Amino acid sequence: MNQAEVILSQLNEVQREAASLVKGPMMVIAGAGSGKTRVLTHRIAYMLAKGVSPFNILALTFTNKAAKEMKERITQLVDESSAKAVNMGTFHSVFYRILRVEGEKLGFTRNLTVYDTDDAKGVIKSIVKDMNLDPKLYLANFILSRISAAKSNLFSAEDYAKSPEILEADNISGRPLISEIFLRYSARLKNSDAMDFDDLLYYMNVLLRDFPEMLYKYQTRFQYILVDEYQDTNFAQYVIVKKLASAHHNICVVGDDAQSIYAFRGANIQNILNFKKDFPEATTIKLEQNYRSTQNIVKAANAIIKFNKKQITKEIWTDNDTGNKISILKLNNDNDEATAVANSILEAKLNYHLENKKFAILYRTNAQSRTLEEALMKQSIPYVIYGGLSFYKRKEIKDVLAYFRLVINHYDEESLLRIINYPQRGIGATTIDKLKVVAADNNVRIWNILETLDAFPNLDVGTATKARLKDFALRIKSFSTMIPKTDAYELGKVIIHQSGIMQDLLSDVSEKERVENVESLLDAMKEFTEIEPENEFDELTGELITNYFPTLDRFVSNVALLTDDEHKEKEAQDRVKLMTIHAAKGLEFDYVYVTGMEENLFPSSLSLNSRSELEEERRLFYVAITRAKKMLTLTHAHTRYKFGSLQFCEPSRFIEEIPTEFLNITERASSEKGAFKRKAQEGELFFSTAKKPLEKVSFVKKLTPKEANQNIIGTPISPDDVMENMRVFHTSFGLGTVSKTEGNGLDKKAFVRFDTVGDKTLLLKYAKLLAPKE
DNA sequence: ATGGAGACCTTTTTT
DNA sequence: AGGTCTCCAT
């Protein structure tokens, strides 16, 4: 067999067709666990084996992780150098590379900075302040989402300002000035030689739209295009892909409409549903055999997704074992839920000698991770939390990166303002305000003023301050001159020390962790300078760069679009993984726990307004359960703290949507903790094999709290009637005495001293109190 | 200019 | 509950 044949021989028949039909448009509908990545990697490897130049292949993904994984897997199939030369990456990173080269046509430079969401929010906030608007009405988040939605649909600020419908909508929402903010925002970013995430897609479109030679260039270059997770593309991405593919029609999109979970940020499921309209000659291939999960899991997933109306019909099936039924655990409150999950993991580990990394705990919102974390810690189960505060979003890292960015791009005003007085060098808010005013009056950038202070006599600051400003500019400039001849790591060290950041962090003993983080950033830079340049092509000529040198600007541009999963990957070796369901997409685990299966949490209360939003939640649930290979456990609690107040929770409707034949329901009151632990120690199994049905499990069906407390419960007390010193009964906390009340109506709170559990603050609109019969 | 107390907001999800 | 932002006191 030749290489190409070997590559195809590793696939099943349908996969083989998807991998080998490389000419013409193709849509692959890949059910969960059906070998989607396998098809993509083998398809690319097959093309390479057949002599297609890697330079002519463009493979777009949504996450860096997916791109990295694909690259690694292709490397195992064909020779490394051609695998590495494939243009593969996220939409954002690939277009960023192109825009750095071509951006001059659009008024940007090669030093182009990428603003992340925090930077963007900062700009919005400062504009809102400049315009003297109410920041509570003009919320940065809200404004940014309007701007983002506009750009994702290829509306510029000018288009926005000219659209009567949009202006009307903003008027109705009481925020008529969003269009003005948008105009200023765009100007500010351009002035800073910066683009936000949406700009990377927007400006790529402008490039292809307004410069025919650019369209021609990249159409010629990208003769074979592959798009992963096509169901998650937004309009801007869709148009780019369509334009690039329109010359050669060699486009392969892979996706699963059932796993579209990013509509909230503009992903348009129609892109995949309409592919056939865009490319009528397209071949459609459905991968329906699931290699990942048990029969029970696959069947349950099929049953659930049928509740959605809009979808491409397909029936996922598997040859795998029937497996365990899906466990439903009902718990009293969120703490019990976390404890039960931790105990369950512990038992399974002990009984079956499983590694920690076989387990994943999934949840709808990041906020849910805290209680789970505590429970795992108590049981000494090693874990790692994905998501949450990214490494690159930590204050100290952002500070250091702001220096780097300013050194590379003096016009980056977000960075400049962030560090002009950090560490403190006596350039206070007053001085900064004056700088801003003079910059605006003279229509120049702040950096222009710093650079040539004497040219701006109307800058009314003292001589001492002037000296400090001069000194600051000089220092930044001196770092800049070092870029070409000092590698990223060496220059990074110089900046961190000479800027005074390290000194500042070291001066405070409580900042030890921050010092470690900065050092860890330096480690990453060291690593960066040591790796062989991969895929460093000159974008203009397509030639491999031979005189590669790992400069600071290269490092920063690499890091700009990075999330920190690599950072975590190293520590994640054998740990239980905690993450949101969104973050779990594309991953698989033997044992999966989906927690917080409650109405208003999952599905989220924010998604209950429309059918389409609810369907997205359902697809999210579909993603969640199809992560599991062997065993799936769903948990929900009767009460949970949200926003610091206790809330009652109904089980998620999604649980009811699973046919009961696939379910195994266990209910347990919190008072049973002792019994639970004892049984666990005695080795009674919570987990069971397929032969040993879960019915044998030791949990006795307990009375619900309501039933158990029947003889105490009296009549409900209306919130308005709750008063000090009143004896009350609460279904979770038992009997207690109201020590104080506060507020009125829906906000009325009661401070209650419970006989057994102590003081609690209850928001009466949620916490139902009853008059006890004592 | 710094830091602490209190008000206020948050919960989708991510490149 | 926890984090962020604001404002006031030092």
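Just so it is clear: chains get the letters A, B, ... in the order the sequence lines come, proteins before strands, and each one is counted from 1. Just so it is clear, the model here is predicted, and its values are computed rather than measured. FYI, side chains are in, hydrogens and waters are out, and symmetry mates aren't considered; it's all heavy atoms of this structure.
Nearer to the 5' terminus of DNA chain B, by closest-nucleotide assignment, is the contact made by A:G428 (compared with the other of A:G428 and A:L606). A residue-by-residue look at A:A367 and A:N421 shows that A:N421 has its nearest nucleotide of DNA chain B further toward the 5' end.
Aromatic ring centres of A:Y262 and A:F62 lie farther apart than the 6.0 Å criterion allows.
Checked against B:dT13, C:dA1, B:dT15, the side chain of A:N366 finds its nearest nucleotide in B:dT13. Side-chain proximity of A:Y262 to B:dT11, B:dT15, B:dT13: nearest is B:dT13. Of the candidates B:dT10, B:dT14, B:dT15, the closest approach to any side-chain atom of A:F643 belongs to B:dT10.
Among the atoms of the strands shown, only primed sugar atoms or phosphate atoms (P, OP1, OP2) are found under 4.0 Å from some heavy atom of A:F62. Contact annotation for A:T117: base contact, defined as any heavy-atom pair under 4.0 Å involving a base atom.
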Using a cut-off of under 3.5 Å, enumerate the N/O to N/O pairs linking the protein to nucleotides 2-10 of chain C.
residue : atom : partner : partner atom : Å
C:dG2   : OP1  : A:R370  : NE           : 3.4
C:dC5   : OP1  : A:K125  : NZ           : 3.3

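Whole-Å rounding puts the A:K65 NZ to B:dT15 P distance at 10 Å. As a whole-Å value, the separation of A:I147 CD1 from B:dT15 P is 21 Å. Straight-line distance from the CG atom of A:D119 to the P atom of B:dT14: 18 Å, rounded to whole Å. Atom OH of A:Y96 and atom C1' of B:dT15 are 14 Å apart (whole Å). With rounding to whole Å, A:K642 atom NZ is found 16 Å from B:dC9 atom C1'. To the nearest angstrom, P of B:dC8 lies 19 Å from CG of A:N141. We find that CD of A:E229 is positioned 13 Å from C1' of B:dT15, with the value rounded to whole Å. Separating the OH atom of A:Y363 from the P atom of B:dT13 is a distance of 10 Å, rounded to the nearest angstrom.
Of the N and O atoms on the side chains of A:T233 and A:N271, at least one donor lies less than 3.5 Å from an acceptor on the other residue. A donor-acceptor contact closer than 3.5 angstrom is absent between the side chains of A:T639 and A:N333. A:E613 and A:S610 share a donor-acceptor pair across their side chains, judged by distance under 3.5 Å alone. Checking A:E337 against A:Y593 by side-chain atom types alone, no donor-acceptor pair falls below 3.5 Å.
The cationic group of A:R175 lies under 6.0 Å from the six-membered ring centre of A:F142 and within 45° of the ring axis, placing it in a cation-pi geometry.
For C:dT4 and B:dT13, the P atoms lie 15 Å apart once the distance is rounded to whole Å.
OP1 or OP2 of B:dT10 has not a single side-chain nitrogen or oxygen of A:T365 nearer than 4.0 Å.
With respect to the salt-bridge test (charged N to carboxylate O, under 4.0 angstrom), the residues A:K36 and A:D256 do not qualify. Checked for salt-bridge contact, A:D119 and A:K398 meet the test: a charged N lies under 4.0 Å from a carboxylate O.
With hydrogens and angles ignored, no donor-acceptor pair closer than 3.5 Å exists between the side chain of A:S604 and the base of B:dT11.
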